[in-house]
Amino acid sequence: MSILNEISTNLQQGKAKVVKELVQKAIDDGIDVKAILDEGLLAGMSVIGEKFKNNEVYVPDVLIAARAMNAGAELLKPLLASSGVKAIGKVVLGTVKGDLHDIGKNLVRMMMEGKGLEVIDVGIDVSSEKFINTAKETGAQIIACSALLTTTMGEIKHVVEAAKAAGIRDQVTIMIGGAPVTDSFCKQVEADIYTPDAASAADEAARVCKEKCA
Ligand code: B1M
């Protein structure tokens with residue numbers, strides 16, 4: 001098995017220490033850092049994402065795999081920066097105002113990072129102003145809102161309105177999700193994309209960024 005396959009396989013098994021050692025070995029062997037990222041770490045995370053979507057693995061498996069990915073990615077970060085490898089796009093991600101649930105949001109972040117996106121995680125209880133200001137400051141292509149409560153999902157409408165008021169509605173794609181959120185709610189509040197799970201959110205975000213940055 002090639003070292004890149006080994007990285008992918010061990011990442012899927014959540015073996016952070018082994019992944020870190022293998023990534024270091026791959027770097028020492030002179031393997032291209034982009035290949036280590038794409039064919040090792042991101043390939044492994046993509047398998048986990050698919051399995052999670054199909055209910056073949058569960059939340060703890062994803063969290064453990066993500067920890068392994070982060071362990072390897074930490075070693076690559078400085079090398080990627082110096083070799084000029086750029087993220088495929090930027091996403092401002094947060095849980096809406098009044099809502100403190102962050103487990104789903106964190107999964108979305110991990111899956112998005114696993115697709116090579118830069119995620120600016122603005123946390124929980126995030127006001128529409130904060131979403132918009134952060135998107136403006138960072139030039140993000142996507143604002144991604146998570147809402148877990150029927151009492152807070154209406155906040156998404158405020159984010160859409162605030163994007164219009166700030167004159168950036170045409171520039172940002174607004175993605176939404178969370179247990180009570182549906183596709184028809186997405187249309188009702190004039191957001192752009194609803195996805196039911198973290199892996200689909202990452203797939204859609206990557207697709208949007210590739211289209212926008214093409
Ligand atoms: Co809360 N809570 N909670 N809670 N809590 C729920 C959501 C609830 C359904 C429980 C219930 O009554 N059965 C209920 C909501 C009812 C409703 O509104 N319909 C509820 C309630 C009522 C409350 C409080 C009001 C309770 C109280 O204080 N009386 C309170 C509210 C606090 C607040 O936010 N202001 C509260 C508090 C809490 C805790 C703090 C104790 C804790 C949160 C801890 C944390 O997140 N750090 C908590 C928890 C853990 C839950 C449950 C048990 C689990 C939520 C979770 O993390 N699920 C939940 C019941 C349940 O779901 N079984 C519940 C796992 C997570 C992976 O799923 O976040 O849905 P989820 O994410 C999914 C998808 O939704 C999607 O991807 C993930 C899967 O891949 N997704 C996106 C999420 N965001 C996305 C964004 C996207 C795309 C997909 O694009 C941008």
Side-chain angles (χ1 to χ4, degrees), residues 12 14 45-67 69 87-128 130-132 134-135 138 140-160 162-163 168-169 171-209 211-212:
Q12 291 166 50
M45 206 56 202
S46 163
V47 174
I48 285 290
E50 278 306 306
K51 287 189 173 169
F52 182 57
K53 223 182 329 188
N54 300 329
N55 293 320
E56 291 167 42
V57 299
Y58 300 99
V59 172
D61 307 296
V62 178
L63 296 177
I64 292 166
R67 194 184 57 185
M69 189 183 84
I88 62 168
K90 284 186 197 171
V91 182
V92 175
L93 169 70
T95 304
V96 296
K97 191 172 173 186
D99 200 324
L100 307 177
H101 296 83
D102 69 354
I103 298 169
K105 169 187 74 66
N106 293 343
L107 282 177
V108 172
R109 185 186 72 218
M110 287 163 194
M111 292 291 178
M112 285 184 173
E113 287 176 346
K115 288 273 171 192
L117 291 152
E118 179 183 342
V119 179
I120 301 124
D121 186 341
V122 281
I124 52 175
D125 191 15
V126 179
S127 66
S128 51
K130 172 98 178 164
F131 276 112
I132 302 308
T134 312
T138 59
Q141 292 85 7
I142 296 175
I143 292 177
C145 303
S146 178
L148 261 288
L149 299 169
T150 45
T151 50
T152 59
M153 59 195 274
E155 282 297 325
I156 292 170
K157 176 81 179 158
H158 295 152
V159 177
V160 175
I168 60 163
R169 186 65 190 92
Q171 291 140 48
V172 287
T173 298
I174 300 182
M175 294 184 58
I176 66 172
V181 178
T182 60
D183 201 30
S184 67
F185 178 77
C186 180
K187 292 188 177 81
Q188 189 190 318
V189 296
E190 297 174 335
D192 298 307
I193 300 172
Y194 158 75
T195 51
D197 58 69
S200 316
D203 288 344
E204 280 298 297
R207 182 187 62 74
V208 166
C209 285
E211 275 176 21
K212 285 194 173 188

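Fair warning: this is a prediction, and the values are worked out from it, not measured in the lab. Order of appearance sets the numbers: ligands from 1, and atoms from 1 within every ligand.
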Sub-3.5 Å donor-acceptor pair from the side chain of [X] to the main-chain atoms of [Y], do we have one?
X: Ser128; Y: Ala162; result: no
X: Lys105; Y: Ile124; result: no
X: Asn54; Y: Glu50; result: yes
X: Gln141; Y: Lys90; result: yes

Only heavy atoms of [X], strictly under 4.0 Å: list the atoms of ligand 1 that pass.
X: Asp99; answer: 34 (O)
X: Pro196; answer: 74 (C), 76 (C)
X: Leu107; answer: 67 (C)
X: Gly178; answer: 75 (O), 81 (N), 82 (C), 83 (C), 84 (N), 85 (C)
X: Val108; answer: 82 (C), 85 (C), 86 (C)
X: Ala201; answer: 88 (C)
X: Thr195; answer: 88 (C), 89 (C)

Can Phe52 be said to touch ligand 1, with heavy atoms closer than 4.0 Å?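 Checking ligand 1 against Phe52, which is what was asked, there is a heavy-atom contact under 4.0 Å.
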Is ligand 1 less than 4.0 angstrom away from at least one heavy atom of Pro180?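 For ligand 1, residue contact (heavy atoms, under 4.0 Å) with Pro180 is absent.
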Nearest-option assignment for [atom], heavy atoms, candidates [options]:
atom: atom 17 (C) of ligand 1; options: Asp197, Thr150, Ile143; answer: Thr150
atom: atom 75 (O) of ligand 1; options: Ala179, Ser146, Ala198; answer: Ala179
atom: atom 87 (C) of ligand 1; options: Gly94, Gly177, Ala147; answer: Gly177

Below the 3.5 angstrom mark, is there an N/O of Gly98, backbone or side chain, next to an N/O of ligand 1?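 Between Gly98 and ligand 1, an N or O pair is found under 3.5 Å apart.
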Nitrogen or oxygen of Lys105 less than 3.5 angstrom from that of ligand 1: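 No, Lys105 has no N/O under 3.5 Å of an N/O on ligand 1.
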Between [X] and [Y], is any pair of side-chain heavy atoms under 4.5 Å apart?
X: Thr95; Y: Val126; result: no
X: Glu113; Y: Met45; result: no
X: Thr195; Y: Ile176; result: no

Quick one: does [atom] have a protein heavy atom under 4.0 Å from it?
atom: atom 27 (C) of ligand 1; result: no
atom: atom 40 (C) of ligand 1; result: no
atom: atom 70 (O) of ligand 1; result: yes
atom: atom 85 (C) of ligand 1; result: yes
atom: atom 63 (N) of ligand 1; result: no
atom: atom 11 (C) of ligand 1; result: no
atom: atom 15 (C) of ligand 1; result: yes

Which heavy atom of the protein is the closest neighbour of [atom], given with residue, atom name and distance?
atom: atom 68 (O) of ligand 1; result: Gly104 CA, 4.4 Å
atom: atom 65 (C) of ligand 1; result: Ile103 CG2, 4.3 Å
atom: atom 46 (O) of ligand 1; result: Asp102 N, 2.8 Å

Heavy atoms from other residues, nucleotides or ligands near NZ of Lys53 exceed 12 (cutoff 6.0 Å):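 Yes, because the 6.0 Å sphere around NZ of Lys53 holds more than 12 heavy atoms from other groups.
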Residue Lys130 excluded, over 12 heavy atoms near NZ under 6.0 Å: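 It does not: Lys130 NZ has 12 such atoms or fewer within range.
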In chain order, what residues pass the side chain to side chain donor-acceptor pair (under 3.5 Å) check against Glu211, with sequence neighbours excluded?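 Arg207.
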Which residues pass the side chain to side chain donor-acceptor pair (under 3.5 Å) test with Gln12, sequence neighbours left out?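 Side chain to side chain donor-acceptor pair (under 3.5 Å) list for Gln12, sorted by chain: Ser8.
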Scan Asp183, Ile142, Ile174, Val208 and name whichever one has a side-chain contact (heavy atoms from CB on, under 4.5 Å) with Ile193.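 Answer after filtering Asp183, Ile142, Ile174, Val208: Val208.
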Could you go through Lys187 and Asp192, starting from their C-alpha distance and side-chain angles, then the distance that decides it, and tell me whether this counts as salt bridge (Lys or Arg N to Asp or Glu O under 4.0 Å)? CA-CA 7 Å; Lys187 292 188 177 81; Asp192 298 307; over 6 Å; no
Only pairs under 3.5 Å count here: list side-chain donor-acceptor contacts from residues 144-153, not counting sequence neighbours, and write none if there are none.
residue	atom	partner	partner atom	Å
Thr152	OG1	Asp99	OD2	2.7
Thr152	OG1	Leu149	O	3.2

I need the protein N, O or S atoms closer than 2.8 Å to atom 1 (Co) of ligand 1, given as residue plus atom name.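 Protein N, O or S atoms closer than 2.8 Å to atom 1 (Co) of ligand 1: His101 NE2.
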Restricting to non-hydrogen atoms, name the atom on Leu117 and the atom on Ala205 that form the minimum distance, rounded to 0.1 Å.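 Smallest interatomic distance, heavy atoms only, reads CD1-CB, 3.7 Å.
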Closest heavy-atom pair and its distance - Val122, Phe131: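 Where Val122 meets Phe131 most closely, the heavy atoms are CG2-CE2, 4.2 Å.
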Verify side chain to side chain donor-acceptor pair (under 3.5 Å) between Ser200 and Asp197, making sure each step is shown before the conclusion. CA-CA 6 Å; Ser200 316; Asp197 58 69; 2.8 Å; yes
